[in-house]
Protein chains: 2
Amino acid sequence: MKAKKQHGHPEAILQAAGIRPTRQRTALAALLFDGCDKHMTAEQIHAAVRKTKARVALATVYNTLHQFTAAGLLHEVMIDSNRVYFDTNIGNHHHFFDEATGELHDIPADNIHIARLPKTPPGRKLDRVDVIIRLRAAAR
Amino acid sequence: MKAKKQHGHPEAILQAAGIRPTRQRTALAALLFDGCDKHMTAEQIHAAVRKTKARVALATVYNTLHQFTAAGLLHEVMIDSNRVYFDTNIGNHHHFFDEATGELHDIPADNIHIARLPKTPPGRKLDRVDVIIRLRAAAR
DNA sequence: GCTTCATTTTAGAATTATTCTAAATTATGT
DNA sequence: ACATAATTTAGAATAATTCTAAAATGAAGC
Ligand SMILES: [Mn+2]
Ligand SMILES: [Mn+2]
Ligand SMILES: [Zn+2]
Ligand SMILES: [Zn+2]
């Protein structure tokens, strides 16, 4: 009754993405695509799936997250040199990064205006523009 | 005859930053603060200093880079989940990241206009805004 | 120049996120 | 059911970084 965004059965999402819905992939999809935006590390996702009845090896968590990313179901966010966050919000948006807690929060794309973007160097194409607003604990 | 930006003797730079100019710190400062903007990883800096007569342990490279960063002589740039880049350009600017080569290139701050920045959450203060333009090899 | 004490450097071990390997399991097509 | 391909798995391997505890160096006082 509170879920944000559309979300179908995990199996249907995987089918639509051309990924075979195995037991472990379905368990991970159910966890990730519940309609709420999430930013989680592989370890966090592994811990979360462990709390359900499903058993999924850490290597499978990594494999699956990379497959989901390749299929466009997730985005990788690299912000902290020693963790990758997997973002279930695949729309155009930016991030607050709270350095105190390591948490990421979304900023809708239209909350930030970027103008006069320099043109991309020759032989390259623009992949994406990431804006990261880094936050620290306030002075007092 | 071609050096960009001001740069004094490495020892003077360290003195001014309140860092004791030891042999290894001076060697690293000489390498980094030659007036040209650089984006290098610890391993790259270690390799570069090895080519000079100076002998510096990798642990010392890491220690020193962190000290330089704490003193405001360098900025850390986290873009690639498995390397930290140390940036000698400490002014306000942004980056192109070439995913093909792993190279970083500066974008002057006034080449990008950011408007309507959302206000920082309570209890937090804005540390910095990083804009990363990710590039890939062009289609053909 | 020596002695002393604090600071710095060092080699190597440890840590941690992630990837790899090769074998075991599971799913699919017949 | 059988054969075959895809997936999963445990554990080993890798790689960036940090830690440890010992050795070297630097500053200060004599
Ligand atoms: Mn998080
Ligand atoms: Mn790593
Ligand atoms: Zn997000
Ligand atoms: Zn830069």
Side-chain angles (χ1 to χ4, degrees), chain A residues 10-11 14-15 17-31 39-50 52-71 73-87 97 99 102 104, chain B residues 10-11 14-15 17-31 39-50 52-71 73-87 97 99 102 104:
Chain A
E11 308 208 348
L14 297 182
Q15 293 281 13
I19 294 172
R20 283 221 305 223
T22 63
R23 267 192 284 101
Q24 15 301 37
R25 298 207 271 227
T26 302
L28 290 167
L31 222 136
H39 303 98
M40 298 177 77
T41 66
E43 290 280 2
Q44 287 172 339
I45 293 163
H46 186 228
V49 81
R50 259 169 176 284
T52 75
K53 55 208 157 230
R55 269 311 101 131
V56 186
L58 182 58
T60 304
V61 172
Y62 276 101
N63 289 342
T64 303
L65 292 172
H66 290 146
Q67 288 156 190
F68 286 5
T69 301
L73 298 175
L74 292 175
H75 271 334
E76 292 185 15
V77 183
M78 289 169 210
I79 272 187
D80 186 342
S81 73
N82 57 332
R83 346 139 96 51
V84 172
Y85 292 83
F86 291 88
D87 190 346
F97 179 61
E99 292 176 349
L104 269 182
Chain B
E11 308 208 348
L14 298 182
Q15 294 281 13
I19 295 172
R20 279 220 309 222
T22 62
R23 268 192 283 101
Q24 13 303 54
R25 299 208 271 227
T26 303
L28 289 167
L31 223 135
H39 303 97
M40 299 177 77
T41 67
E43 290 281 1
Q44 287 171 339
I45 293 162
H46 186 229
V49 80
R50 259 170 176 283
T52 72
K53 55 207 157 229
R55 269 310 102 136
V56 185
L58 181 57
T60 304
V61 173
Y62 276 101
N63 290 342
T64 303
L65 292 173
H66 290 147
Q67 287 157 190
F68 287 5
T69 301
L73 298 174
L74 291 175
H75 271 335
E76 292 184 15
V77 183
M78 290 171 211
I79 271 187
D80 185 342
S81 74
N82 55 333
R83 355 144 81 58
V84 172
Y85 291 82
F86 291 89
D87 190 344
F97 179 60
E99 291 175 350
L104 268 182

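Chain naming here is simple, since letters A, B, ... match the order of the sequence lines and numbering starts at 1 in each.
In this structure, the CG atom of Asp80(B) is 14 Å from the P atom of dA15(D), given to the nearest Å. Taking atom CG on Leu14(A) and atom P on dT7(D), their separation rounds to 12 Å, with Å as the unit. Atoms CG (Asn82(B)) and C1' (dT18(D)) sit 17 Å apart, rounded to a whole Å. What separates CG of Leu65(A) from P of dT18(C) is a distance of 10 Å, to the nearest Å. The nearest whole Å value for the distance from the CZ atom in Arg83(B) to the P atom in dT14(D) is 18 Å. Atom-to-atom, CZ of Phe86(A) to P of dA17(C) comes out at 13 Å; the value is rounded to the nearest Å.
Applying the salt bridge (Lys or Arg N to Asp or Glu O under 4.0 Å) rule to Glu99(A) yields the partners Arg134(A), Arg136(A); only residues at least two apart in sequence or on another chain are considered. Residues forming a side-chain hydrogen bond (donor to acceptor under 3.5 Å, both in side chains) with His39(B) (at least two apart in sequence, or on another chain): Asp87(B), His95(B), Asp106(B). Taking Ala57(A) as the reference, Thr60(A) meet the side-chain contact (heavy atoms from CB on, under 4.5 Å) condition, with sequence neighbours excluded. For Gln67(B), the side-chain hydrogen bond (donor to acceptor under 3.5 Å, both in side chains) partners two or more places apart in sequence, or in a different chain, are Arg25(B).
In this structure, Ile19(B) CD1 and Thr64(B) OG1 are separated by 8.5 Å, a value rounded to the nearest 0.5 Å.
Across all non-hydrogen atoms, the minimal contact from Pro21(B) to Leu14(B) is CA-CD1, 3.9 Å. Pairing each heavy atom of Ala48(B) with each of Leu31(B), the nearest pair is CB-CD2, 3.6 Å.
Proximity of His66(B) to the phosphate of dT18(D): a side-chain N or O atom is located under 4.0 Å from OP1 or OP2. Under 4.0 angstrom from either OP1 or OP2 of dT19(C) there lies no side-chain N or O belonging to Tyr62(A).
No donor-acceptor pair closer than 3.5 Å links the side chain of His46(A) to the backbone N or O of Ala42(A).
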| When every nucleotide of nucleotides 3-11 of chain C is labelled 5' to 3' by its protein contacts under 4.0 Å (heavy atoms), B for base, S for sugar-phosphate only, - for none, what sequence of letters results? | ----SSSBB
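Listed by residue number, the members of residues 39-46 of chain B with any heavy atom below 4.0 angstrom from DNA chain D form an empty set.
Within 6.0 Å of atom CD in Glu11(A), 12 or fewer heavy atoms from other residues, nucleotides or ligands are found, so the atom counts as exposed in its surroundings.
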